[in-house]
Amino acid sequence: MDVRRLPPERARRAWARARSGTAHAVRSVRREAAGAWPAVRRAPRRTVVAETLAVVVTAALGLVPLLLIRPERPVLAVLEALYAACLMPLRRYRPVQAVLGTGPLLVGPNVWVMAVVPLIVLSATRRIAPPRRAWRAAGIACAVCVVLTITGNLIVPGAWVEYLAGNAASAVLLVLLPALAGTLLGRRRPLVSLLRERNTYLEQARSLTAAAARMEERTRIAGEMHDLLGHRLSLISVHAGALEMAAARQAPPLAGQAELLRTTAGTAMEELRDILGLLRREEATSEPERDRGTRDDVSALVAESRLAGVGVELDWSVPDSADPSPRTRQSMHRVVREGLTNVLKHASGAPTRVEIRNRDGVIEVSVTNEAPREGRRPQPGNRSGLVGLEERIALLGGSFTAGPLPDGGFRVVALLPSRPNGMPTAAVPLPPASEPAGGRTVRTGTRPPLSTEVLTWPRVLGAGCAAALVILPTATFLIILLTTAVLR
């Protein structure tokens, strides 16, 4: 329409409508740019780099071949390549608009940009929900392709039937088939997300059930120990007190032994209370006591054994700068205590030596006793204490050996890391499914959680294979199209 031939009033209205439409388009572009910039700033750096690389590759794919094969309308071909590069990031943030924008690419003079059309449609339709919106956008894009083909042939007469058939085939193979693959993959995404969430919920429920069962069992064991051992230790403490008073009056030389018996029973009762308190707590593990495994603590153990009639020597060669971890110190205390207890039971009165040394970050703890004296009858044992020590030290990443010596003695040796790294963690509830497992999320349970892909392989793998089969005709058509363009 020539505005110069219109009456002045109608011409002014036409110019006003044109300026209003242009201003509205400019404002829309500005709003989109202003709304997209915060999304770009919030996006991960990896995503921004990937999208920038996709834009550059798309622009290069559309522009570089034009230097080798000159098209009939080079300016329009360059503009089409830049337009395709702008559609590439739009597929992520405005997928419907990206699918609608692929219609003009099918009728343009730049045949090389057709290679990115199925990628744009496939990636965009995956993000459109429900699927009918994706099919509506793909149908509109095909309709735009047909309308532009007919309009172009009306302006420039030619074999419009041939052009229409070719562009219709391009629309089917480059838009509709990728849209079908995209909707299949789009249905796969919520299915995988739902099953992953369900798997996380089941793992959390299993972890909580196992924690509740452990807590119930520990409470039962604590009750049994309190009812049986607590009563027996209380009786021992009472009788030991009475024995101490009687020994002080009738046999003063035995008063020290009776006092040791009473204090040992009292200490055992306090340790039993501590153990019962740990068993009744919800945590699977607790921080060890800070005063265990120190030089004073080990010296106290040695002094108690001397009062019981064992000749014990202590050789402490750990410098203060070593500063072992609390768990290592507690294991040192356990090794010394178990070794001295075995000497009292099986080789009472035999000379014993306790050595604690530091060798390049490794603490060596050894308890060595000579052959028991003749006439001493050792008490029977089942080696359960040594087995428990071996398990405890193995958890710390150390080594443990115990066995008889050629001269008839016995030796217990433990090598403990000063700062153990692979510490077992307590069983804790799983984080919510929405919480990022940043860094790395620790999942607990009786077994590691199964992968979602393993749980849902029939439906998930089926959707992926169907999408791949749909893409094959599109890839074949693109290869033939681009080969024809090069040979032409």
Q. Any idea which heavy atoms bring L61 and P65 closest together, and the distance?
A. O-CD, 3.2 Å
(Q) Within the 4.5 Å heavy-atom criterion, are F400 and V412 side-chain neighbours or not? (A) yes
Q: Spell out, as yes or no, whether a donor-acceptor pair under 3.5 Å connects the side chain of Y83 to the backbone of V78.
A: no
Q) Heavy-atom distance under 4.5 Å between the side chains of V367 and V413, does that happen here? A) no
Q | Shortest non-hydrogen contact between T125 and L122, atoms and distance | A | OG1-O, 3.3 Å
Q) Do N358 and P319 touch side chain to side chain, with heavy atoms closer than 4.5 Å? A) yes
Q: Keeping the roles fixed (side chain from W316, backbone from V318), state whether a donor-acceptor pair exists under 3.5 Å.
A: yes
(Q) In the structure I gave you, are the side-chain heavy atoms of P74 and L66 within less than 4.5 Å of one another anywhere? (A) no
Q: Could you go through the side-chain contact (heavy atoms from CB on, under 4.5 Å) check for R136 and V96 one step at a time?
A: CA-CA 9 Å; R136 189 182 301 118; V96 176; over 6 Å; no
Q. Is a side-chain N or O of T102 found less than 3.5 angstrom from the main chain of V99, in a donor-acceptor match?
A. yes
Q) Side-chain contact, heavy-atom cut-off 4.5 Å: L176 with C142? A) yes
Q: Output yes when R359 and E364 qualify as a salt bridge under the 4.0 Å nitrogen-oxygen rule, no when they do not.
A: yes
Q. Is the backbone N or O of E203 less than 3.5 Å from a side-chain atom of S207, with the two atoms forming a donor-acceptor pair by type?
A. no
Q. Can you tell me how far CD of E51 sits from CG of L90, rounded to the nearest 0.5 angstrom?
A. 10.5 Å
Q. So which heavy atom on R91 is nearest to which on S123, and how close?
A. NE-OG, 3.0 Å
Q. Between the main-chain N or O of P89 and the side-chain N or O of R92, is there a donor-acceptor pair closer than 3.5 Å?
A. no
**Q.** Donor + acceptor pair across side chains of S325, R329 (<3.5 Å)
**A.** no
Q.
How long is the straight-line distance from CG of L396 back to CD of Q330, given to the nearest 0.5 Å?
A. 9.0 Å
Q) Taking atom OG1 of T368 and atom CZ of R411, what is their separation to the nearest 0.5 Å? A) 4.5 Å
(Q) Strictly distance-based, threshold 3.5 Å: is any side-chain N or O of N110 a donor or acceptor partner for the main-chain N or O of G62? (A) yes
Q: Measure the OG1-CG distance between T58 and L119 for me, rounded to the nearest 0.5 Å.
A: 8.0 Å
Q) Minimum heavy-atom separation for A134 to T183, with atom names? A) CB-CG2, 4.0 Å
Q.
Working note: V175 + V117, criterion side-chain contact (heavy atoms from CB on, under 4.5 Å); need CA distance, chi angles, decisive distance, verdict.
A. CA-CA 7 Å; V175 176; V117 170; 4.2 Å; yes
Q) Taking all atoms of both residues into account, what is the closest heavy-atom pair of S418 and T328, and its distance? A) O-OG1, 3.5 Å
Q | Pair W135-L180, side-chain contact (heavy atoms from CB on, under 4.5 Å): steps then yes or no | A | CA-CA 8 Å; W135 285 112; L180 176 59; 3.7 Å; yes
Q: Could you grab the distance from atom CG of N342 to atom CD of E338, nearest 0.5 Å is fine?
A: 4.5 Å
Q: Could you pull out the closest heavy-atom pair between L416 and M332, with the gap in Å?
A: CD1-CG, 3.6 Å
Q. Taking atom types as modelled, is there a side-chain donor on R392 or S331 under 3.5 Å from an acceptor on the other?
A. no
Q. Where the side chain of T341 meets the backbone of R337, is there a donor-acceptor pair that is under 3.5 Å apart?
A. yes
**Q.** Contact check, side chains of M114 and V111, non-hydrogen atoms, under 4.5 Å
**A.** yes
Q: Rounded to the nearest 0.5 Å, what's the gap from CG on L164 to SG on C145? Could you check?
A: 8.5 Å
Q: Test side-chain contact (heavy atoms from CB on, under 4.5 Å) on I363 and I356 and set out the steps.
A: CA-CA 7 Å; I363 307 297; I356 301 179; 4.1 Å; yes
